[in-house]
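For reference, the structure is listed below as structure tokens.
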Amino acid sequence: MASKAVRLLGRCLPFFPGKSIPNATRVQIRQLELDENINMYFPKDTTFFAHDPGQVCKPGDIVLISSLPKKLTPLIEHEVLKVVYPFGDITDPITGKKVMNDMYREDIEYISEMYGKNKKGFDYENAPERGWQEDKKDFSHKQSYRRFQVYDKEDKQPYAVDY
Amino acid sequence: MPFMKGIAPIRRTVQYLQSGKLSLKDRVQVFSVHYNRLGENHQGARDFVFWNLPKVQYQNPQVQVVTFKEMTPTPFIRCYLDSGDDVLIDVDNKSKEEIESHLKLVICKSDELLAKEAIAQEKKDNEANFGYGCQRHCICEMPGQVPCSAVCPLPNHMRGKLRFSTD
């Protein structure tokens, strides 16, 4: 009897600084763990690599992952099923409208029209898709390395990451 | 109640956790609640998370219970099923009790099903056994068997002490 695939909801993390893992995203799953001493639940984060061949996930997206019946690689045990809430572009499932935190985008636009629209303000309608500056000015999706020990002020290491 | 620290430490007692009535169906894998810190329409959802979420997780340890704050203007509960579908429950302007009763109707096991499962889970020993720890103390309790010799003595020809006595 095959065991049921476990589905989990998690947040995409940026790339893994170290070995490059192609077609996979790092997903952080938050689960509640019972502390037996005070009988209270505390959030516990676990990180999984989820198989994502189309690279649909970007850091910050809330995705639904499912455990694979058989491990793809020693590191990849899950696969991305769907991006539930893309980062910064959340659609309220009840109304179907686009939202930004606790306001509907159409309300934000209406209020800004009343006050006088700022020409330099962010235009949701005409803004390009997330990732349009990749390979031009945004290189955060590329493989990098953890910052080496900085011994003198001249050692800038502009492409290193600190986490 | 040990460690009576924090707001409403009653939530941190085993009896409170075990008193949860929301036993989610086996299909449910993820139980997510979206609510905001402010807003009167979110008060019911906030109360539900404060009072009932630990109970839900305790009753359903295999389900991932997760909360999202400050994401949408209206609160809702979304359950992801193993079939790939998700159940969307609007809890805008609902009280904690309304949310609980609605969830019980929609995605929880019914009381009849829970009772059946409880019976199935009980360890059933062989009903035919008798003796210490069994349902019947002695075979003499069953109609049709030889009655209890303490109550009704056996006939003399069946009693060994009278058959084999040398008197």
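Chain A is the first sequence line, chain B the second, and so forth, proteins listed ahead of strands; every chain is numbered from 1.
A donor-acceptor contact shorter than 3.5 Å is absent between the side chain of B/Arg12 and the backbone of A/Asn39. Side-chain atoms of A/Gln31 do not come within 3.5 Å of backbone N or O of B/Gln64 as any donor-acceptor pair.
Between chain A and the options B/Thr67, B/Asp90, B/Leu53, B/Val63, heavy-atom pairs under 4.5 Å are most frequent for B/Asp90. Counting heavy-atom pairs closer than 4.5 Å to chain A, the top residue among B/Val66, B/Asp92, B/Asn36, B/Leu88 is B/Leu88.
Taking 4.5 Å as the limit, some side-chain heavy atom of B/Arg78 sits within range of a side-chain heavy atom of A/Val84. A heavy-atom distance below 4.5 Å is found between the side chains of B/Thr74 and A/Tyr104. Put simply, the side chain of A/Leu9 does not reach to within 4.5 Å of the side chain of B/Phe31, judged on heavy atoms. Contact check for B/Gln57 versus A/Tyr41: side-chain heavy atoms found under the 4.5 Å cut-off. Residues A/Ile62 and B/Phe68 have side chains in contact (heavy-atom distance under 4.5 Å, counting atoms from C-beta outward).
Relative orientation of the B/His34 and A/Tyr85 rings is perpendicular, given thresholds of 30° and 60° on the angle between their planes.
Heavy-atom distances place both the backbone and the side chain of B/Tyr58 under 4.5 Å from chain A. For A/Leu32, the parts lying near chain B are the backbone and the side chain together; criterion is any non-hydrogen pair under 4.5 Å. For B/Leu38, no part lies under 4.5 angstrom from a heavy atom of chain A.
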**Prompt:** What's the verdict on side chain to side chain contact (heavy atoms under 4.5 Å, CB included) for A/Ile94 and B/Thr72, showing C-alpha distance, side-chain angles and the deciding distance?
**Reply:** CA-CA 10 Å; A/Ile94 306 240; B/Thr72 53; over 6 Å; no

Item checked: salt bridge (charged side-chain N to carboxylate O under 4.0 Å, His left out) between A/Lys82 and B/Asp86, worked out -> CA-CA 12 Å; A/Lys82 61 175 172 180; B/Asp86 52 272; 3.3 Å; yes

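A salt bridge does not link A/Asp102 with B/Lys69: every distance from a Lys NZ or Arg NE/NH1/NH2 to an Asp or Glu carboxylate oxygen is 4.0 Å or more.
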